Undergrad: 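Below are the structure tokens for one structure; questions will follow.
Throughout, a chain's letter reflects where its sequence line sits, starting with A, and its residues are numbered from 1. None of the values given here were measured: they were computed from a predicted structure.
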Amino acid sequence: MAVDDNFREIVWTVIMSIPPGKVMSYGQVARLAGYPSHARMVGGILKKLPAKSKIPWYRVVNAQGKISFPVDSAAYLRQRQQLEDDGVAFRGDKILPAMFVDY
DNA sequence: ACGTTGACCTTCG
DNA sequence: TCGAAGGCCAACG
């Protein structure tokens, strides 16, 4: 059982546990998964995620409360739309600190 | 084998 | 509040 496979699974589980209307940072996900220094790897996993996956990847943003895509990209708009549909409140391009799931 | 890259984080000024 | 700088670590070419 390779550690990497576990990591990927745990990350999925953690992300799926994020309640609707809330968000979590990459670092937070990594910590809860048991790999505190693997924030970047979380991003790597999400990037590889199949488009039809039911995992709510859009609920994962960076620690500054911003979407990790260029504001002019289609991906940015897509993620932002999903979040707003989910009830996540923005102030400008940043997500309010209160929207993060507390742990 | 080695330098570069990246859906990151934290500290500092 | 904002940007630069350093730290981090697996994946890639």
Undergrad: Which whole-number value in Å describes the distance from R80(A) CZ to dA7(B) C1'?
TA: 17 Å
Undergrad: Taking the side chain from Q28(A) and the backbone from V101(A), do they hold a donor-acceptor pair closer than 3.5 Å?
TA: yes
Undergrad: Between Q64(A) and K94(A), is there a donor-acceptor pair closer than 3.5 Å when you use the side chain of the first and the backbone of the second?
TA: no
Undergrad: Do K66(A) and V71(A) come within less than 4.5 Å of each other through their side chains, counting heavy atoms only?
TA: no
Undergrad: Whole angstrom is fine here: how far is it from OH in Y26(A) over to C1' in dG7(C)?
TA: 19 Å
Undergrad: The side chain of K47(A) lies closest to which of these nucleotides: dC2(C), dC9(B), dG6(B)?
TA: dG6(B)
Undergrad: Between C1' on dA7(B) and CD on Q79(A), what's the gap in Å once rounded to a whole number?
TA: 8 Å
Undergrad: Do V11(A) and H38(A) touch side chain to side chain, with heavy atoms closer than 4.5 Å?
TA: no
Undergrad: Would you indicate which nucleotide in dC9(B), dC8(C), dA7(B) comes nearest to any side-chain atom of A39(A)?
TA: dC9(B)
Undergrad: Starting at atom CH2 of W12(A), determine the distance to atom C1' of dA7(B), rounded to an integer number of angstrom.
TA: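 To the nearest whole Å, that distance equals 17 Å.
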Undergrad: Taking the side chain as every heavy atom from C-beta outward, state whether Y35(A) and M41(A) have any atom pair closer than 4.5 Å.
TA: no
Undergrad: Could you give the distance separating dG7(C) and dA7(B) at their P atoms, to the nearest angstrom?
TA: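 Straight-line distance between the two P atoms is 22 Å.
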Undergrad: Whole angstrom is fine here: how far is it from CG in L49(A) over to P in dG6(B)?
TA: 19 Å
Undergrad: For the side chain of L46(A), starting at C-beta, report the closest nucleotide among dC12(C), dC9(B), dA7(B).
TA: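 Nucleotide nearest to L46(A)'s side chain: dA7(B).
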Undergrad: Where the side chain of R91(A) is concerned, which of dC8(B), dG6(B), dT1(C) is the nearest nucleotide?
TA: dT1(C)
Undergrad: For R31(A) and F69(A), find the nucleotide of DNA chain B closest to each by heavy atoms; which residue's nucleotide sits nearer the 5' end?
TA: F69(A)
Undergrad: Can you tell me if H38(A) touches the phosphate of dC8(C), counting only side-chain N or O atoms and a distance under 4.0 Å to OP1 or OP2?
TA: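 Answer no for this pair, as no side-chain N or O of H38(A) is under 4.0 Å from OP1 or OP2.
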Undergrad: Among the nucleotides dC2(C), dC8(B), dA7(B), which one has an atom lying closest to any side-chain atom of R40(A)?
TA: dC8(B)
Undergrad: By the 4.0 Å heavy-atom rule, please label G44(A) as base, sugar-phosphate, or nothing.
TA: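 The answer is nothing, as G44(A) stays clear of every strand by at least 4.0 Å.
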Undergrad: Among dC9(B), dC12(C), dT10(B), find the nucleotide with the atom closest to the side chain of Q64(A).
TA: dT10(B)
Undergrad: Please report, rounded to the nearest Å, how far the C1' atom of dC9(C) is from the CD1 atom of I45(A).
TA: 13 Å
Undergrad: Can you identify which nucleotide, out of dC8(B), dA10(C), dC2(C), has its nearest atom closest to the M41(A) side chain?
TA: dA10(C)
Undergrad: Regarding K66(A), tell me which of base, sugar-phosphate or nothing describes its non-hydrogen contacts under 4.0 Å with the strands shown.
TA: nothing
Undergrad: Under 4.0 Å from OP1 or OP2 of dC8(B): is there any side-chain N or O of S25(A) that close?
TA: no
Undergrad: Do D86(A) and Q82(A) have a side chain donor and acceptor closer than 3.5 Å?
TA: no
Undergrad: Between atom CZ in R8(A) and atom C1' in dC9(C), what is the gap in whole Å?
TA: 17 Å
Undergrad: Take S37(A) and K48(A), find for each the nucleotide of DNA chain C with the closest heavy atom, and name the residue whose nucleotide sits nearer the 5' end.
TA: S37(A)
Undergrad: Taking CD1 from I95(A) and P from dA7(B), how many angstroms apart are they, rounded to a whole number?
TA: 18 Å
